[in-house]
Amino acid sequence: MGIFLDAFINVLAFKNLAAMTLLIPLGMMAGALPGFTATMAVAILVPFTFAMDPVMGLICVSAVYCSAIYGGAFPAILINTPGTPSSIATCFDGYPMTLQGRAQEALFTIAFASLVGGFIGTIGLIAFSLPLAKIALKFGPPEYFWVSIFGLTIIAGLSGDSLLKGVAGGILGLLISTIGIAPVGGDVRFTFGISSFQGGVELISVLIGFFCIPEVFKMARNPVGSYLKNTSVGSTVEGYKEAIFKGFRNAFADVVNLIRSSIIGLFVGILPGAGGNISNLIAYNEVKRASKNPESFGKGNPQGIVATETADKATIMGSFVPLLTLGVPGSPVAAVVYGALMIQGLNPGPELFTKHAEITYTFMTSFFVATALTVLIGMFAGVLFYQIIMRLPIRVLVPGILLLTIVGSYAVRNNFMDVIFMLGSGYLGYVLGKLGFSPGPVVLGLVLGPIAEKGLVQGYLMGNSISPGMPWIIFFTRPISIVLIVISLISALWPFYSARRRRRAA
Amino acid sequence: MMLNSDLYGGLVMLVFAAMFWFHIGDFTKFGLMFPKVIIVLLAVTGIALIVKSKIKPQYVESFIKEINKYMAATMLWSLIWVVSANYVGFFVASTISMWAIQWTLSDERNLKTTILSLAVAIGSVFVIYYVFTQYLYIFFPQGFLF
């Protein structure tokens, strides 16, 4: 207990609080810029931490990481563009809330939800690091394959009106994910003569293309007036105080949703290779599945954004579990922090909990303070962002957003082909949207494709070495695989069961 | 005009499946294993959508009608912006395109709004350009102009 008290005192030192307060708005700006990911924000920060003492450096990392993920929700809610992949599903209900004149309510809802997600994630990181890391290590290629299949079963929840179109969209996303170098074998595939495609398709470009570009085009259709006037036609735009109250009520209206989403976020974060881009979609699907009114999702149900934002905040802490306990960087940010720890002379792994326990627990505890400060600053930043976006005339907003999308998709790899692909995805997203295809399943396929393929091929190779002649048997015999198969089956069949139950009740 | 969205959706999926199928090269067994299954699945869902379009079609309003002159101009300028940036440079392409889109979407076009639009375009692009090149070391395409 004494070590936690010392850790808290360390974090609350004036210089640390000042550094966090300074960095959080910058992290939020980075997260809010589509294409500028949390990884990039942390990577830019890390060289500056070399000159700091390890405690302060790590505290700065936690502040920037938390705030960048938080900032990603602003454009998701206001302009239907996920600032980071962790906010994909926040668009589904956040943007409809904006269209209903409830943008501020949505911004305050995510603030309270993030607070809970961040706190539960930090408690999980401190209390259950070691056992959770041991479970994560038991996941081999067959388990990852089944995790991705489970992920794909949530397509039904993202499909909109037509399940068949959702499935087709998901498969299209999986196919696009195969562009580039094969994860096993090294084949250069489906580049269509474009050398830039050898590195694969950049998820951020497709995200911006599918979610943001169609909205920008629709915005341009009626260019007279401001965004506020055009988006909230027929709705009453609520005031600041009312929005805080509603945000609080939304976040705590369904405590089960808060806890479930946090646990999903924490667990997905622990799995190396998985992250906020997956956890927010799974949490969204689970809240929709558990709801008595699933058809209200996608139309501005606040529980949708509560689930996604709670989950992606808990994922932040989860992603540090394998790094700190085992020395395995399970996410891009964890990999950057791995380097930072090494340069500070701290070897990631069990040594962190013995030789450098004080620093490690201070880092873990800093997530409490980083979360609280992020939420506090985020409330003001969100409203400021809202004021700027909503008051701007459409004729300025449209080219302004286009400029940010171009810069955002270029900045990821310094490759202008990504920008062209982003715009192409935008045109395709617009046409597919009009034909009744939701962008959610396409993006889900794109996120899960590499995990599924790697799991499938590596699992096959494992199976072939263990039982030649029956390589596929490995996918069905390992205990965790069996659990995942059962969960996937339940998840896939649930929409049919649920529809049947509703028909009977009617 | 109403469009049979299942039919057109199914055709789009088949076009994608064919595009990828005909680009299957001399891949190894491991490189081909996953995409081959996915291409077949995409073709099957495309066919399923076409079959559905005959049995229980879903109709949507034609989106061509929805595209008015403002929207069409924005779509076109976005394309010009992205394609020209590699040739005339990011700064010039972005400034011209931003100004052109603002000018197109303006309800009144006079000298004042034209100068204001140009100022907004130059200012926005300059800030982004400066911050990214000077502080983040992300360099944009130069092109033959700037």
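Just the heavy atoms: all of them, side chains too, but no hydrogens, waters or symmetry mates, feed the values below. Quick note on labels: first sequence line is chain A, next is B, and so on, each numbered from 1.
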Exercise. For B:Lys112, does its backbone N or O pair with a side-chain atom of B:Asn110 as donor and acceptor, under 3.5 Å?
Worked result: yes
Exercise. Given the side-chain rings of B:Phe139 and A:Tyr410, with only the six-membered ring counted for Trp, is the space between their centroids under 6.0 Å?
Worked result: no
Exercise. At a heavy-atom separation under 4.5 Å, does B:Leu49 approach chain A through its side chain, its backbone, both, or neither?
Worked result: both
Exercise. When you look at NZ of B:Lys52, are more than 12 heavy atoms from neighbouring residues, nucleotides or ligands closer to it than 6.0 Å?
Worked result: yes
Exercise. Which bit of A:Leu428 comes within less than 4.5 Å of chain B, counting heavy atoms only: side chain, backbone, both or neither?
Worked result: side chain
For this session: Drop me the distance from A:Leu456's CG to A:Trp472's CH2, to the nearest 0.5 angstrom.
Result: 4.5 Å
Exercise. So which part of A:Phe192 gets closer than 4.5 Å to some heavy atom of chain B, the side chain, the backbone, both or neither?
Worked result: both
For this session: Would you tell me whether B:Ser5 and A:Lys165 have side-chain atoms, one donor and one acceptor, within less than 3.5 Å of each other?
Result: yes
Problem set entry | Residue selection (most heavy-atom pairs with chain B, distance under 4.5 Å) from A:Lys218, A:Arg221, A:Met422 | A:Arg221
Exercise. Any idea which of A:Leu403, A:Asn414, A:Ile179 has the most non-hydrogen atom pairs under 4.5 angstrom with chain B?
Worked result: A:Leu403
For this session: Decide yes or no for A:Leu174 and A:Leu446: does some side-chain heavy atom of the first lie under 4.5 Å from some side-chain heavy atom of the second?
Result: no
Seminar exercise, completed: Most heavy-atom pairs under 4.5 Å with chain B, out of A:Thr178, A:Leu175, A:Leu432, A:Val407, belong to A:Leu175
Exercise. Is the side chain of A:Asp187 donor-acceptor paired with the backbone N or O of B:Thr28 at a distance under 3.5 Å, no angle test?
Worked result: yes
Exercise. Chain A heavy atoms under 4.5 Å from B:Val120: which part of the residue, side chain, backbone, both or neither?
Worked result: side chain
Problem set entry | Proximal component of A:Ser162, with respect to chain B [non-hydrogen, under 4.5 Å] | side chain
Problem set entry | Between B:Asp6, B:Ile67, B:Asn4, the one whose heavy-atom pairs under 4.5 Å with chain A are most numerous | B:Asp6
Exercise. So what's closer than 4.5 Å to chain A heavy atoms on B:Glu66: side chain, backbone, both or neither?
Worked result: both
Exercise. Can you tell which of B:Asp26, B:Val125, B:Leu32, B:Thr74 has the highest number of heavy-atom pairs within less than 4.5 Å of chain A?
Worked result: B:Thr74
For this session: Flag the one option from A:Gly170, A:Pro183, A:Ala220 with the top tally of heavy-atom pairs under 4.5 Å to chain B.
Result: A:Ala220
Exercise. Side chain, backbone, both or neither: which part of A:Ile44 has a non-hydrogen atom closer than 4.5 Å to chain B?
Worked result: side chain
For this session: Would you indicate whether the side-chain heavy atoms of A:Tyr460 and A:Ile474 approach each other to under 4.5 Å?
Result: no
Problem set entry | Enclosure of B:Met33 CE (heavy-atom neighbours >12, cutoff 6.0 Å) | yes
Exercise. Do you know which of B:Tyr129, B:Phe140, B:Tyr130 makes ring pair (Phe, Tyr, Trp, His ring centres under 6.0 Å) with B:Phe91?
Worked result: B:Tyr129
For this session: Could you check which of A:Gly185, A:Ala182, A:Ala411 has the highest count of heavy-atom pairs closer than 4.5 Å to chain B?
Result: A:Ala411
Exercise. Taking B:Ala121, B:Ser78, B:Ser117 one by one, which has the highest count of heavy-atom pairs under 4.5 Å against chain A?
Worked result: B:Ser78
Exercise. Given A:Tyr427, which of A:Phe217, A:Phe210, A:Phe421 fulfils the ring pair (Phe, Tyr, Trp, His ring centres under 6.0 Å) condition?
Worked result: A:Phe217
For this session: Report the option among A:Pro399, A:Ser177, A:Gly169 that has the most heavy-atom pairs separated by less than 4.5 Å from atoms of chain B.
Result: A:Pro399
Exercise. Taking B:Tyr8, B:Tyr137, B:Trp77, B:Phe132 one by one, which has the highest count of heavy-atom pairs under 4.5 Å against chain A?
Worked result: B:Phe132
